[in-house]
Every structure is written in C-alpha cells, then in structure tokens.
2 protein chains.
Amino acid sequence: MDFTKLLNKHDLKITQARISLLELIEKENKPLDSQFLIDTLKQKFKVDKVTIFRILNVLTEHGILRKLEFGEGKARYELNTEDHHHLICQSCGNIEDISDCNIEALEKEIKQKKHFLVKLHTLEFYGLCKDCQKKSN
Amino acid sequence: MDFTKLLNKHDLKITQARISLLELIEKENKPLDSQFLIDTLKQKFKVDKVTIFRILNVLTEHGILRKLEFGEGKARYELNTEDHHHLICQSCGNIEDISDCNIEALEKEIKQKKHFLVKLHTLEFYGLCKDCQKKSN
DNA sequence: TTAGGTGCAAATGATTTGCAATAAT
DNA sequence: ATTATTGCAAATCATTTGCACCTAA
C-alpha cells in the first residue's frame with residue numbers, strides 16, 4: 001500500500017516515523033499496542049515513544065487507523081479498512097480477523113425502535129482458539 | 001437484589017463497601033467508571049479508592065460484575081446479568097441498554113468455520129442518540 | 001521560510017502493590 | 001482466632017503536555 005500517497009491526501013507530512021509505523025502495522029496485520037510499535041520501531045531508527053503516541057493519534061483522527069480496546073487497559077491499532085471483527089483467544093492471546101458480520105439488520109432495527117443513529121459498532125469474540133481448545137485450558 | 005446472599009454464595013465476606021458498591025451499580029443501572037463509584041461512595045462513608053478497585057476486581061473475577069471499555073482510557077462496570085449491549089452517544093455520552101442481539105447464529109458459524117470456541121462477545125454501537133441528532137452535532 | 005513534526009523531561013490519570021492495621025466469620 | 005479485607009503510601013503503566021529544536025514542503 002502506498003502510504004506516501006495516503007499521507008499526502010490527508011495533508012500530513014511524510015516522515016520516516018509515520019511511514020515505518022504504517023508499514024509495520026500493515027505487515028503484522030493485526031491490532032498492535034503502542035509498546036510493540038515503540039519497541040519494534042526503536043530498533044530500526046531513533047524515535048521517542050511520545051512521537052509514536054502522537055502519530056497513532058493523528059492517524060486515528062484522520063481515519064487511517066482504527067483504535068481498539070480489548071479490556072487490557074491499553075489500546076490497540078490496526079489499519080482502518082473494511083468492517084471486520086476479531087476472535088481473541090483468552091488463553092494464548094492470539095487475534096484473528098473475521099468479516100461479514102451482517103450487523104446492518106440490527107442497526108436498522110435500532111434506528112427504528114430506539115431512534116439512535118449508529119455511526120459505528122464494535123463486535124469482538126472472546127474464547128478459545130483451535131489450538132488452545134486441545135490444550136484444554 | 002439480595003447482595004448479601006450473593007456474596008455469601010461466592011464465599012466473599014459481607015462488608016459495607018461491597019454491599020454499597022453493588023447497590024449503587026444496581027441503582028444507576030448503567031456502566032459506571034471507578035471515579036464515579038469512588039466519589040459517590042466516599043460521600044456515604046470512609047473508603048479508599050484502592051478498596052474500590054480491589055472490590056471491582058474480585059467481583060469481576062467472580063463473574064458478579066462485567067468489565068467494559070468504551071475507548072475512554074478507563075474501564076466501566078455493570079452487573080453481569082443477561083447478554084445485552086449498549087448504544088453509546090458520541091455527543092452527550094449517554095449509554096442505553098439493548099438486548100436481543102441474536103449473535104448466536106454468528107457464533108455457531110464461527111465455531112464451524114474457524115474452529116474457535118466463543119465464550120463471550122462484546123457488541124457496542126456508537127453514534128447519536130435521539131436528542132443529539134436534533135442538535136445536529 | 002514556516003507550519004508542522006519531533007525529542008526530552010515532566011505531568012497526568014487509571015490502576016496496582018506492599019505492608020501493617022482491622023474487621024468478618 | 002484466623003483469614004480476608006481495608007487504608008495509606010508509594011509504585012507502575014499507558015498516555016498526554018509544554019517547550020525548545022528540527023525538518024519536510
């Protein structure tokens with residue numbers, strides 16, 4: 001994905017930190033926390049953690065990233081692409097994507113019955129992944 | 001609700017702090033954050049914030065409370081009753097309950113296709129409540 | 001050149017921990 | 001009497017802020 005073009009479109013300056021962060025998030029392809037991003041990017045070049053937090057905030061405000069919380073007391077970030085959700089293993093912590101949640105029907109019902117206008121929703125599943133079920137944890 | 005009996009059933013001691021906290025959460029009937037609980041309970045009797053945090057943790061571990069996060073950088077807690085979800089107004093912050101989400105079909109599909117065993121899910125809707133739509137915020 | 005981006009130090013806010021004192025059973 | 005619970009102080013963790021310096025456009 002061409003992040004230079006993307007940042008340009010949003011009138012955001014092209015910097016090593018921004019490009020590298022976006023490339024890392026794209027490569028890992030799952031919701032990452034700030035600590036992972038800080039540790040990984042610091043190995044590649046000189047960056048301060050404050051810079052990472054500021055980048056995460058701007059990119060989220062511009063809708064380039066999506067901020068998620070899985071009850072861990074910290075946020076995670078992923079590329080804000082199509083509507084999708086997550087399968088979060090409570091044993092090993094692995095996170096898998098799923099799509100096609102088909103919540104539109106529910107949202108329509110909410111609009112009619114509650115007169116609440118849904119802008120976005122979060123839907124996360126917690127349980128045991130295939131492997132952890134075998135380990136009977 | 002008889003919280004004395006409930007605490008007994010879980011082999012948790014009956015204390016003023018635990019009973020008052022549970023009664024407050026029951027009375028308010030929406031997800032409350034620690035600060036609100038601390039402020040409100042401190043007016044009624046002498047309690048330390050640490051005690052409140054510890055109570056929230058034990059009660060959550062015992063499944064009496066459910067811990068929720070709405071991307072505010074802090075947790076909220078509610079009585080862990082039936083499966084239900086929330087309509088969170090992005091303008092005024094009001095939180096309304098909804099039930100009957102009918103996610104079972106999706107969970108069944110996840111089990112078959114992904115071999116992931118769903119233990120629990122979160123589903124939250126963010127948008128504008130009836131009143132805030134009028135104010136065109 | 002100049003507004004936006006970054007680094008460093010220090011602040012904030014939510015939550016946790018250690019330990020001694022206290023209260024519930 | 002025994003063990004869980006609480007209070008207080010101090011620590012920790014994620015995240016933010018202020019301000020001077022730097023750099024992409």
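Letters A, B, ... mirror the listed sequences (proteins, then strands); counts begin at 1.
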Residues in side chain to side chain contact (heavy atoms under 4.5 Å, CB included) contact with [X], at least two apart in sequence or another chain:
X	value
B:Asn57	B:Glu61, B:Tyr77
B:Lys111	B:Leu117
A:Glu96	A:Leu87, B:Lys114
B:Lys74	B:Asp33, B:Glu72, B:Arg76

Inset, instruction - Output all residues satisfying salt bridge (Lys or Arg N to Asp or Glu O under 4.0 Å) with A:Lys27, sequence neighbours left out; order by chain, then residue number. - result: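 Not a single residue meets the salt bridge (Lys or Arg N to Asp or Glu O under 4.0 Å) criterion with A:Lys27.
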Inset, instruction - First locate atom OG1 of B:Thr122, then atom CD of B:Glu69, and finally report the distance between them rounded to the nearest 0.5 Å. - result: 10.0 Å
Inset, instruction - Please report how far the helix from C:dT1-D:dA25 to C:dT25-D:dA1 bends, comparing the axis fitted to its first five pairs with the axis fitted to its last five, to the nearest 10 degrees. - result: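 Both end axes considered, the difference amounts to 40°.
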Inset, instruction - Keeping to residues at least two apart or across chains, list the side-chain hydrogen bond (donor to acceptor under 3.5 Å, both in side chains) pairs with something in residues 35-51 of chain B. - result: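 side-chain hydrogen bond (donor to acceptor under 3.5 Å, both in side chains) check on residues 35-51 of chain B returns B:Gln35-B:Asp39.
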Legend entry - Residue pairs passing the side-chain hydrogen bond (donor to acceptor under 3.5 Å, both in side chains) test where at least one lies in residues 3-14 of chain A, sequence neighbours excluded: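 Passing the test, one end in residues 3-14 of chain A: A:His10-A:His62.
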Inset, instruction - Please determine, by modelled atom types, if A:His121 and A:Glu107 share a side-chain donor-acceptor pair under 3.5 angstrom. - result: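 Note: A:His121 and A:Glu107 side chains meet the donor-acceptor criterion.
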Inset, instruction - Only counting residues at least two apart or in another chain, list the ones meeting side chain to side chain donor-acceptor pair (under 3.5 Å) with A:Glu78. - result: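 Scan of A:Glu78 (side chain to side chain donor-acceptor pair (under 3.5 Å), adjacent residues dropped) gives A:Arg66, A:His84, A:His86.
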Legend entry - N or O in side chain of B:Asn57 less than 4.0 angstrom from C:dT16 OP1/OP2: yes
Just the rounded figure in Å: distance from [atom2] of [N] to [atom1] of [X].
X	N	atom1	atom2	result
B:Leu59	D:dT5	CG	P	10 Å
B:Ile14	C:dT25	CD1	C1'	10 Å
A:Glu72	D:dT15	CD	P	10 Å
A:Leu56	D:dA14	CG	P	14 Å
A:Phe53	D:dA14	CZ	C1'	5 Å
B:Ile19	D:dA4	CD1	C1'	15 Å

Inset, instruction - At under 4.0 Å between heavy atoms, which parts of nucleotides 4-10 of chain C does protein reach? Answer with one letter per nucleotide, 5' to 3': B base, S sugar-phosphate only, - none. - result: SSBBBB-
Inset, instruction - Hydrophobic side-chain clustering at under 4.5 Å (ILVMFWY, transitive links): who's grouped with B:Leu120? Put none if nobody. - result: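 Answer for B:Leu120: A:Leu68, A:Phe70, A:Ile88, A:Ile95, A:Tyr126.
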Inset, instruction - Scan residues 21-44 of chain B against DNA chain C and write down, sorted by residue number, each residue with any heavy atom closer than 4.0 Å; if none is found, say none. - result: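 The stretch gives B:Ser34, B:Gln35 as the residues lying under 4.0 Å from the strand, ordered by number.
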